[in-house]
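Following: one structure in structure tokens, then a few remarks.
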Amino acid sequence: MNPRSSALREASIGEQTELVAEIASHFSSEEYLTAVQSTKDGIPTIWIEKHRLRETLRFVKSKIPRPFPMLFDLSATDERLRRHHEGLPISAFTVFYHLFSFDRNQSLRIKVPLSGEDLSLPSIVDLWPNADWYERETYDMFGIQFDGHPFLRRLLMPSWWNGHPLRKDHPSRGTEMGQFQLPPEKLVMTQEALQFKPEDWGLSRTHQDPDFDYMFINLGPAHTGTHGVLRLVAQLAGEEIVNIVPDIGFHHRSQEKIAERQTWHTFIPYTDRVDYLQGVLNEMPYCLAVERLADIEVPQRAQVIRVMMSEFYRLASHLVWYGTFAQDIGALSPVFYMFNDRERILAIAEAICGGRMHPNWLRIGGVARDLPIGWDQLVQQFVDWFPNRLDEYERLVMDNPIFKARTVGIGGLSLEDAIAWGATGPMLRACGLPWDLRKTRPYSGYDQFDFDVPVATNGDCYGRGVVHVLEMRQSLRIIRQCLDSMPSGHYKSLNPLATPPMKEHTMHDIETLIHHFVGVSWGPVLPPGEAEVPTESSKGQTSYYLTSDGSQVSYRTRIRTPSFAHIQMVPFIVRGELLSDLLAVLGSVDYVLSDVDR
């Protein structure tokens, strides 16, 4: 599957309107669509009744010309406190499905209103396998049932948790919940909840051969090979992996709930913690979505600064992946070399941003401050020095015969399966599809840069490694172009929603001083609307689907991260492989648990 030439640009407004008409005409009824919503991001958004959900999804997934084969996201919104409905269906909850078509280079959002006591929808796990975790997460966070789901239970919260955190009536601060206590009886209950029972997951303890029993091994949550607090329970037939049940949520901080109590500005530092390895790459999709909501134009200089720092943090994240992947295979030295190189990048980030892992650098409308004096010498030294290091690492790791023996042909994934499971970024490109949002749906001026999109063909562990390594060289190309062609001008938009009034005005008229005070202390008030701008982060596509209700805080912030989708794929990828191959697969996937749990 290759993107057509027409897919190298985002769908136009006319094509978006045609899509809605195409769906409505297929079902031959003007009343089939409950409503068509206008959003700031331009994504066609249609509302349908829940009894029509499955036939609609089945149609757009496989029957419509140039179909939508990927379920990009699935979640819900508690609508009970929302004031601005703008003629849309009024409901207690809304469940939305975000689909994507590669042939059209177009997204489609389908919404289903739910009211009353019947908070249930039919499951679509049989249509998209990755709907499994998305439906479980929605059940966990909102209490919405999905009829027909094989294992509908909590995903991020412990089984004994009371309430659903993303409902508006659930407390958002620990101080609202009282002192946490763990008396002996509750300790016993929590320990029993952690006991793994294969029957609960449809797994058999006994093989067809009565003299042979399966073995169940608990890996994690405290294990270096899981790259964080991740628990995997493996069902083994000898050394062969029959199945794996992942257990996530140990690192859950409910960032989406926190966003409901922070202003549009003050939530930016929280985005750094979503994936603590990639810095401003977390901030980019959030700021782009806010800017789309507020119709803020970002100056060209600020766009190029954003691109340069994004690519530095892509390199920093890839270096962590590179070293730990080699370590998972058994090579200990590379991780020390690569972390040393990462320190050089973080030193540049500190000089420019003032922060390292959590730079808090992007701002709505631009960046926090202009580039400091001497930034160009720091960047020049790095781009001249780093290519030879990459050459050395390729000889040390990628050309190593032991590394190849452990990764070539292991954990293979077809392109069709990758799309069905919602793979993006290097995971998808390793299957042969040159799909990179910086090229196909450019943002922040990426269309002005010259770089290639690396791909592999087999979708195996080694192929995922090849894509990562080649991407590092492309990031260097982009950084060098930023260095050579950094434009002059403002580093931040002068839009009043993004920047306080200029100092020379605040000392001469009281209205400007009031606007300054309100904007800084209370935060900007964004007009009602919805917007989402997916970006190409280090591990895949990241997006913030923001809903404004005409307030200084977000009514609903949905964070879609690549690690969540990719960890869900691990049982499918490793089925039939040996236990020793599991760590190779985990290392090649390139995930971080903060990105999984959010």
Side-chain angles (χ1 to χ4, degrees), residues 19-39 43-64 67-82 85-101 107-155 164 166-169 256 422 530 532 545 547 555-556 558 560:
L19 172 62
V20 175
E22 193 175 356
I23 296 173
S25 63
H26 172 78
F27 294 100
S28 304
S29 173
E30 295 182 357
E31 299 179 354
Y32 188 87
L33 304 182
T34 305
V36 178
Q37 181 178 352
S38 175
T39 59
I43 296 178
T45 303
I46 61 176
W47 292 68
I48 60 175
E49 297 297 331
K50 73 175 187 177
H51 65 276
R52 291 169 168 162
L53 174 65
R54 285 184 57 85
E55 63 177 321
T56 305
L57 292 176
R58 190 179 291 111
F59 169 68
V60 298
K61 177 180 185 286
S62 55
K63 296 181 181 179
I64 192 174
F68 291 76
M70 176 180 283
L71 175 65
F72 181 71
D73 198 12
L74 189 170
S75 190
T77 300
D78 184 344
E79 306 278 7
R80 291 175 295 176
L81 299 182
R82 194 168 179 177
H85 291 274
E86 300 176 339
L88 299 174
I90 298 177
S91 58
F93 293 85
T94 299
V95 177
F96 58 85
Y97 300 77
H98 185 162
L99 312 177
F100 189 75
S101 168
S107 295
L108 171 64
R109 195 180 288 126
I110 297 176
K111 292 188 174 184
V112 182
L114 297 176
S115 300
E117 299 298 325
D118 184 21
L119 298 180
S120 65
L121 282 172
S123 173
I124 59 167
V125 173
D126 58 325
L127 297 178
W128 282 281
N130 65 328
D132 180 359
W133 276 17
Y134 288 113
E135 291 181 350
R136 286 180 60 194
E137 181 189 22
T138 305
Y139 164 74
D140 192 1
M141 296 292 110
F142 292 94
I144 297 173
Q145 298 282 335
F146 290 89
D147 300 332
H149 190 289
F151 306 108
L152 190 63
R153 63 197 73 192
R154 289 193 182 273
L155 180 69
H164 304 281
L166 287 184
R167 287 192 174 191
K168 292 296 183 180
D169 52 7
E256 297 177 12
E530 300 178 5
E532 178 180 14
Y545 178 24
T547 299
Y555 184 82
R556 171 78 170 102
R558 168 60 180 170
R560 194 275 184 191

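The structure presented is a predicted model; accordingly, all values stated were derived computationally and were not measured. Numbers here simply count residues along the sequence, with the first being 1.
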Testing the basics here: between [X] and [Y], what is the closest heavy-atom pair and its distance to 0.1 Å?
X	Y	result
Tyr134	Asn130	CD1-O, 3.0 Å
Leu71	Ala131	CD2-CB, 3.8 Å
Pro122	Arg54	CB-CD, 3.7 Å
Lys61	Pro67	O-CB, 3.2 Å
Leu19	Pro44	CD2-CG, 4.0 Å
Ala35	Pro89	CB-CD, 3.8 Å

Look only at the side chain of [X] and the backbone of [Y], and say whether a donor-acceptor pair between them is shorter than 3.5 Å.
X	Y	result
Tyr555	Leu81	yes
Arg136	Arg154	yes
Lys50	Ser120	yes
Asp78	Phe93	no
Trp128	Pro69	yes

Ring-face cation of Arg560 near Phe72 (centre distance under 6.0 Å, axis angle within 45°): yes
Gap between atom [atom2] of [Y] and atom [atom1] of [X] - 0.5 Å precision:
X	Y	atom1	atom2	answer
Trp133	Phe151	CH2	CZ	14.0 Å
Ile48	Thr56	CD1	OG1	3.5 Å
Phe27	Glu22	CZ	CD	11.0 Å
Leu53	Ile124	CG	CD1	6.5 Å
Leu108	Thr45	CG	OG1	7.5 Å

Audit row: Phe68, Ile110, side-chain contact (heavy atoms from CB on, under 4.5 Å) steps and yes/no: CA-CA 12 Å; Phe68 291 76; Ile110 297 176; over 6 Å; no
Salt bridge (charged side-chain N to carboxylate O under 4.0 Å, His left out) evaluation trace for Lys111 with Glu530: CA-CA 13 Å; Lys111 292 188 174 184; Glu530 300 178 5; 2.8 Å; yes
Aromatic contact, Phe96 with Tyr545 (centres under 6.0 Å): yes
Option among Leu99, Ile43, Ile46, Asp73 that satisfies the side chain to side chain contact (heavy atoms under 4.5 Å, CB included) test with Arg109: Ile43
Short side-chain donor-acceptor distance under 3.5 Å, Thr77 and Arg82: no
No-hydrogen, no-angle side-chain donor-acceptor test under 3.5 Å, Glu135 and Ser123: yes
Of all pairs that satisfy side chain to side chain donor-acceptor pair (under 3.5 Å), the ones with a partner from residues 143-153, not counting sequence neighbours: Asp132-His149
Lys/Arg-Asp/Glu bridge criterion (N-O < 4.0 Å) met for Arg167, Asp169: no
Which residues share a side chain to side chain donor-acceptor pair (under 3.5 Å) with Thr94, sequence neighbours left out: Glu79, Ser91
Full working for salt bridge (charged side-chain N to carboxylate O under 4.0 Å, His left out) between Asp126 and Arg58: CA-CA 10 Å; Asp126 58 325; Arg58 190 179 291 111; 5.1 Å; no
